[in-house]
Amino acid sequence: MTELDDLTRAYVDNCTVAGVVTLVARGDDVEVGVVGSHDVEGHTPMARDSIFRIASTTKPIMAAAVLLLVDDGRIALDDPIAKWLPELATPSVVRTPTGPLDDVVPAARPITVFDVLTSRAGWGFPATDMTEPAIQALFEEGQQKHGRDPQFVSPPDEWLAALAGVPMLCQPGEAYLYNTCSNIQGVLVARVSGQSLPDFMAERLFEPLGMVDTGFVVPPGKLDRFTSYYQAGPDGLELVDAPDGQWSTLPAFPSGAGGLASTADDWLAFARLLLVGGSVGSTAGSRQLLSPESVRLMTTDHLTGAQRDTSLLFLEGQGWGFGGSVDVARIDPWNVPGRYGWVGGTGTAAHLTPSTGTVTILLSQLAATTPAQPPLITDFWTYAARV
């Protein structure tokens, strides 16, 4: 029994979660905690290589895929996305956030790749009342389903056409809005590359990094390692998705916002790519997968102070890089300025800290009911910041 096991055991014993895999790495020193099982009945013990729906901890990986194309010279950060996504060439913006959908003005300028990478394109969820008409229109287009119900989202071309009919909440570059931009990134990568998003990410990221268990579908031969997914009910944990459920077949819309399944060691391989400045392989045979400049931009806060202040519901005072948050100076016991990563609505969290070379990963399978982080995750962060 490790100290990490001791930390999470109470949450399994009181049935907060069925099982947890935790990992804290500092260079080659890797501490792993494995507690509980894949299912509440305890039929399948949790293991280090158990596979989880990682939900929004997909977002940093998605941003890296966009940057591969930037480094290839096939797109540039200041390029208008309309070059590849003509459906979004002439977006409209609601005149006021609470106004009706037909009271709009034209976008002041084109949406750029940089806007999409920083989640400031104009579509997404704000830290305000979710009943606003423009936000409800996003929900109607399946925006909330990608990381939890992937089989209920339209194919990319249909989804993008529907999104084009929803007015933006803000002008491009004006405000951080959560989630939608990562899905736009996925469609952008597929169109620029001429490949499906799963094929591109497998060829350009997962295979070079040895992320052998990461993808938008869990094949039959791995379902015995795939965890069940639960929500909290009045009488305990209630099954939402079984191993042979929604991730057993490839969805029509592979979501860059939350569609991946993965393992702790696969996300660790991705984190180490960023920690070493984008290179992969041994010292003798290494090659540059991402440029150091792309890694720097990815892990740098791009929000203004005002944008952070108006995004407290999701960011809780943190900044935002490309696809993930960046810790800024705060007093939380787990806060380490410069820490980069994100959390997922299925009970996942994955971060790296460039200044210390530390990687922290927690994987469970419990549906979040609020953007605020549950005690299981904050307790894990506090432990990782202390040791």
Side-chain angles (χ1 to χ4, degrees), residues 4 7-8 11-12 16-25 32-38 46-64 144-150 178-179 182 206 211 213-216 218 225-232 237 240-241 243 245-247 255-271 274 314-316 318 323-325 334 339-352 358-384:
L4 272 177
L7 176 72
T8 56
Y11 291 95
V12 173
T16 297
V17 292
V20 190
V21 172
T22 49
L23 183 151
V24 178
V32 177
V34 180
V35 173
S37 64
H38 288 196
M46 198 66 77
R48 178 169 175 166
D49 65 351
S50 294
I51 301 171
F52 296 79
R53 303 154 192 79
I54 65 169
S56 286
T57 50
T58 298
K59 287 178 169 67
I61 302 173
M62 182 68 254
Q144 82 281 22
K145 294 182 179 294
H146 294 84
R148 304 194 193 192
D149 295 294
Y178 185 57
N179 198 65
S182 291
F206 305 152
M211 297 172 67
D213 291 319
T214 301
F216 295 97
V218 179
R225 292 194 284 123
F226 192 33
T227 53
S228 294
Y229 171 47
Y230 295 92
Q231 64 185 6
L237 296 178
V240 176
D241 190 56
Q246 293 197 52
W247 269 260
S255 169
L260 288 176
S262 189
T263 64
D265 281 299
D266 275 11
W267 215 99
L268 174 62
F270 172 72
L274 303 185
F314 293 102
L315 296 182
E316 297 182 330
Q318 298 165 320
S325 64
W334 44 263
R339 186 185 68 148
Y340 168 85
W342 196 227
V343 294
T346 54
T348 62
H351 294 80
L352 58 111
T358 301
V359 179
T360 61
I361 299 167
L362 181 148
L363 301 175
S364 66
Q365 292 287 253
L366 178 69
T369 58
T370 171
Q373 301 314 311
L376 170 60
I377 290 180
T378 56
D379 283 353
F380 171 65
W381 288 342
T382 302
Y383 167 84

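Index from 1, following the sequence.
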[atom2] on [Y] to [atom1] on [X], rounded to 0.5 Å:
{"X": "L237", "Y": "T16", "atom1": "CG", "atom2": "OG1", "value": "7.5 Å"}
{"X": "S255", "Y": "D149", "atom1": "OG", "atom2": "CG", "value": "11.5 Å"}
{"X": "S50", "Y": "F226", "atom1": "OG", "atom2": "CZ", "value": "11.0 Å"}
{"X": "Y383", "Y": "T8", "atom1": "OH", "atom2": "OG1", "value": "10.5 Å"}
{"X": "L362", "Y": "T22", "atom1": "CG", "atom2": "OG1", "value": "6.5 Å"}
{"X": "M46", "Y": "L363", "atom1": "CE", "atom2": "CG", "value": "9.0 Å"}

Taking C-beta and beyond as the side chain, do [X] and [Y] meet within less than 4.5 Å on heavy atoms?
{"X": "L260", "Y": "F206", "answer": "yes"}
{"X": "Q318", "Y": "W342", "answer": "yes"}
{"X": "S56", "Y": "Y178", "answer": "yes"}

Applying side-chain contact (heavy atoms from CB on, under 4.5 Å), name anything that partners [X], two or more places apart in sequence or on another chain.
{"X": "P374", "answer": "I377"}
{"X": "A368", "answer": "R148"}
{"X": "V12", "answer": "R9, V17, V20, V35"}
{"X": "T57", "answer": "I54, W267, T348, A350"}

At their closest point, which heavy atom of [X] faces which heavy atom of [Y], and how far apart are they?
{"X": "A264", "Y": "I361", "value": "O-CD1, 3.3 Å"}
{"X": "V343", "Y": "A349", "value": "CG1-CB, 3.8 Å"}
{"X": "A367", "Y": "Q231", "value": "CB-CB, 4.0 Å"}
{"X": "E316", "Y": "A372", "value": "OE2-CA, 3.6 Å"}
{"X": "S182", "Y": "A257", "value": "CB-CA, 3.6 Å"}
{"X": "A232", "Y": "L366", "value": "N-CD1, 3.8 Å"}

message: Is there a ring-ring contact (aromatic ring centres under 6.0 Å, His included) between F52 and W247? Walk through the geometry before answering.
response: CA-CA 10 Å; F52 296 79; W247 269 260; over 10 Å; no
- prompt: Under the side chain to side chain contact (heavy atoms under 4.5 Å, CB included) criterion, do I61 and M211 qualify, and how do the steps go?
  reply: CA-CA 11 Å; I61 302 173; M211 297 172 67; 4.2 Å; yes
- request: I would like to know whether L376 and S364 meet side chain to side chain contact (heavy atoms under 4.5 Å, CB included); could you show each step before the answer?
  value: CA-CA 10 Å; L376 170 60; S364 66; 4.2 Å; yes
message: Using a 3.5 Å distance criterion without hydrogens, assess whether the side chain of D241 forms a donor-acceptor pair with backbone atoms of Q246.
response: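 Here the side-chain-to-backbone pair exists.
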task: Without swapping roles, check the side chain of Q365 against the backbone of R53 for a donor-acceptor pair under 3.5 Å.
output: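 At least one qualifying donor-acceptor pair exists.
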query: Do the side-chain N and O atoms of D266 and T214 include a donor-acceptor pair separated by under 3.5 angstrom?
result: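 Yes, T214 and D266 have a side-chain donor paired with an acceptor closer than 3.5 Å.
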message: Pairing donors with acceptors under 3.5 angstrom, does anything connect the side chains of Y11 and D379?
response: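 The answer is yes; a qualifying pair exists.
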Residues that D265 engages under side-chain hydrogen bond (donor to acceptor under 3.5 Å, both in side chains), provided they are two or more places apart: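 By the side-chain hydrogen bond (donor to acceptor under 3.5 Å, both in side chains) rule, D265 matches R48.
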query: With S325, which residues qualify under side-chain hydrogen bond (donor to acceptor under 3.5 Å, both in side chains), at least two apart?
result: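 None.
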- prompt: Is the gap between the ring centers of W381 and H351 under 6.0 Å?
  reply: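 Centroid distance W381-H351: below 6.0 Å, so yes.
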- request: Could you walk me through whether V24 and L4 pass side chain to side chain contact (heavy atoms under 4.5 Å, CB included), step by step?
  value: CA-CA 9 Å; V24 178; L4 272 177; 4.2 Å; yes
